[in-house]
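Below is one structure; the comments refer to it alone.
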Protein chains: 2
Amino acid sequence: MIKPRSRRGGGRPTIADVARRAGVGAITVSRALREPERVSEELRRQIQAAVDELGYVPDPNARALASARAEVFGVLVPSLTNNVFAEVVRGIYDSLSDSPFRIQLGNTHYSGLEEERLLQVFAPQRPAALIVAGIDQTPTSRKLLENAGCPVVQVMETGPDPVDMMVGFSHLDGGRTATEHLLEVGYRRIGFIGARMDPRSQRRLAGYRAAMEAAGLFDPRLVTTTPVPSSVSLGREMFRDALAKVPTLDAVFCNNDDIALGVLFECHRASIGVPKTIGIVGFNDLDMMQVAFPSITSIRTHRYEIGRRAVAMALAAIAGNRPEQRVVDLGFELKRRESSAR
Amino acid sequence: MIKPRSRRGGGRPTIADVARRAGVGAITVSRALREPERVSEELRRQIQAAVDELGYVPDPNARALASARAEVFGVLVPSLTNNVFAEVVRGIYDSLSDSPFRIQLGNTHYSGLEEERLLQVFAPQRPAALIVAGIDQTPTSRKLLENAGCPVVQVMETGPDPVDMMVGFSHLDGGRTATEHLLEVGYRRIGFIGARMDPRSQRRLAGYRAAMEAAGLFDPRLVTTTPVPSSVSLGREMFRDALAKVPTLDAVFCNNDDIALGVLFECHRASIGVPKTIGIVGFNDLDMMQVAFPSITSIRTHRYEIGRRAVAMALAAIAGNRPEQRVVDLGFELKRRESSAR
DNA sequence: AACCCGAATGGTAGCGCTACCAAATTGGCC
DNA sequence: GGCCAATTTGGTAGCGCTACCATTCGGGTT
């Protein structure tokens, strides 16, 4: 006699069940849940009671279909294991954990094509916002972002031409600051060691080069790079190569902290004095940099904060008040430590 | 005169558009896309042509609503920045990148309550599978998993009572193996240093204790733990504490590699000989362990493979052939290195 | 020849929700 | 008292897709 439970659904209560129980229309329940201020105090209470009794949870899929907008943030990063992006992602998660928004995370593996593919997967979901790492999207990706019909935040870097919004810092300035620091302290034959030369690393290199040229000390043989993914062991190897190439090397600015750590270990192993014989500067300032012996000078970047800020900007845009400032530069800090204290 | 484009949808082509173009019924298009073998060669070609011309992409939300099943894997891990889980997650992503499945990642922050909350968010989406880290779910979480109506894989650990399937290894055996190695090499006053004592760390500690007791060398003062999240700097501090407490300490088995690295750096700083005065063993075997100077002995775990295997098992279960072996132990390897080579 | 069976295709009726619009109610104002 | 606007509530009609069942057709079976 009882109306058969929906043939497919697993028997979970629907909005209609709640409406019946509360003695109101389904649409009122829907409103009470999404815009409580548009429903009278009394009905709101009744509805809340019915929701609690039945254990009703709205179906996000039905919601997305009906409203043509999913409560999902699409997030694209080049790597899941690189601590730098992991921190950004953590900032995003933490900022969104109390909101109704879910997160759809994609790993582009540092590939523009993969980024395009993922964007094509994400777009049909009609996400509420998109957060992508970097500013060097392919033309196709850029168009996909522009047509996504939702707020877009490019993170990690700042640049002149945002798709929509940006949060990051200047990697070029970071590279220059690191190099100028080494020059200032008195190093002269300063090498650059860089793995996985993604666009951000390229710009750090450009900053290094600018500083070296300004000092009249640039020499292409001082630069050692590889497209191979960065790792501590790679840092060790690359440093050996660099030293073999230029035995007079007296300092290195590393692409990132993993490489720097590899350099430090190799110096230990080969009994090369740090900072006396070789100065070392890293990039990102992972926790271990200040603990290393000797502690390693590095450029501190605000990864977690970038994630948080990106979400804050996206949420503001969703709420209708797009931030005044569309490009936010969170800067960086040079952390002077023992490895460059000549 | 043209039928107005759906008032809400952004004008993307729907399955009906494709059907009209191909001159077939909508349901046939749906079938051609999902079970091509049930549609004749010819229609399949026509439909594919129409799909390509229109640039049709199925709406995942509508699909999920109609089929009461979303093409989503729910993944719950305790941390996004801990390299160990990042690797598991990477394995999951890589295994799923060619499939139609998306990934819904949740960060439990090592909290059972947060895990419950996330499970309650994930369940209404009717995911195709759930992958959760650990085997110590709260009773509520366990019930949620059992009632999820989809394959469930618990990862990182093995245990006696799987909700459904399991992939991992024995942390207790890992802890015992590490400790037995130190004993075998000749260390006697072996300490245990552990941060963020999550259930897995607890079991590593239990393995340590078992080995020490078997050798008649267990002493509670040798154990130093804290609930504080693990980091290299914390490793350094904890080692100092441990040494202050037990000056005769001659080796430490660390909870994980971050701690071990902190210990190594502190030894350098305090001019304590490794492995002569202090032996060190870590856990997980991050890349940097073999590069460190001296290189650090560690228990190598197969995180990436755990992620891949979990997906493989879930996919098999979805396809209807649940694997014979519901609990898969991927083991671990003791990597003997300089830090324990007395 | 009548019958059955499987393969291929299609129609109908939702899945659970919300946009849109209509209706009812209230209150303020002249 | 009557009118208008604002507020609160509800009905209807989908959103784009697939489950379920019906239909058609060709080729065996008896």
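Residue numbering restarts at 1 for every chain, and letters A, B, ... go by the order of the sequence lines. Not measured: the values here are computed from a predicted model.
In this structure, B:Pro151 and B:Ala128 approach most closely via the heavy-atom pair CD-O, 3.2 Å.
Listed by first then second residue, pairs satisfying side-chain hydrogen bond (donor to acceptor under 3.5 Å, both in side chains) with a partner in residues 127-139 of chain B read B:Glu116-B:Thr138, B:Asp136-B:Arg203, B:Gln137-B:Gln154, B:Thr138-B:Ser141, not counting sequence neighbours. For residues 96-115 of chain A, every residue pair satisfying the salt bridge (charged side-chain N to carboxylate O under 4.0 Å, His left out) rule, not counting sequence neighbours, is listed here: A:Glu114-A:Arg117. Within the structure, salt bridge (charged side-chain N to carboxylate O under 4.0 Å, His left out) pairs that include any residue of residues 302-313 of chain B do not occur (at least two apart or interchain).
Shown here are the salt bridge (charged side-chain N to carboxylate O under 4.0 Å, His left out) partners of B:Asp164, two or more places apart in sequence or in another chain: B:Arg322, B:Arg326. Here A:Glu41 pairs with A:Arg45 under the side chain to side chain donor-acceptor pair (under 3.5 Å) rule; sequence neighbours left out. For A:Tyr56, the ring pair (Phe, Tyr, Trp, His ring centres under 6.0 Å) criterion is met by no residue, not counting sequence neighbours. Residues passing the side chain to side chain donor-acceptor pair (under 3.5 Å) test with A:Ser30 are A:Arg34, sequence neighbours excluded. Remark: B:Thr158 pairs with no residue by the side chain to side chain donor-acceptor pair (under 3.5 Å) rule, at least two apart or across chains. The side chain to side chain donor-acceptor pair (under 3.5 Å) test applied to B:Arg69 returns no partner, not counting sequence neighbours.
Side-chain atoms of B:Val24 lie closest to C:dG10 of the nucleotides C:dC17, C:dA19, C:dG10.
With the end axes of the helix from C:dA1-D:dT30 to C:dC30-D:dG1 each set by five pairs, the angle from one to the other reads 50° at 10° resolution.
Rounded to a whole Å, the CZ atom of B:Arg38 is 13 Å from the C1' atom of D:dC21. Distance B:Arg126 CZ to D:dA19 P: 13 Å, rounded to the nearest Å. Rounded to whole Å, the distance from CD on B:Glu41 to P on C:dA8 is 12 Å.
Taking 4.0 angstrom as the limit, B:Ser67 places none of its side-chain polar atoms (N or O) nearer than this to OP1 or OP2 of D:dA19.
Remark: B:Tyr56, B:Pro58, B:Asp59, B:Ala62, B:Arg63 in residues 42-63 of chain B come within less than 4.0 Å of DNA chain D through at least one heavy atom. Sorted by residue number, the members of residues 25-37 of chain B with any non-hydrogen atom under 4.0 Å from DNA chain C read B:Gly25, B:Ile27, B:Thr28, B:Arg31.
Using a 4.5 Å heavy-atom cutoff, the side chains of B:Met156 and B:Pro199 are not in contact.
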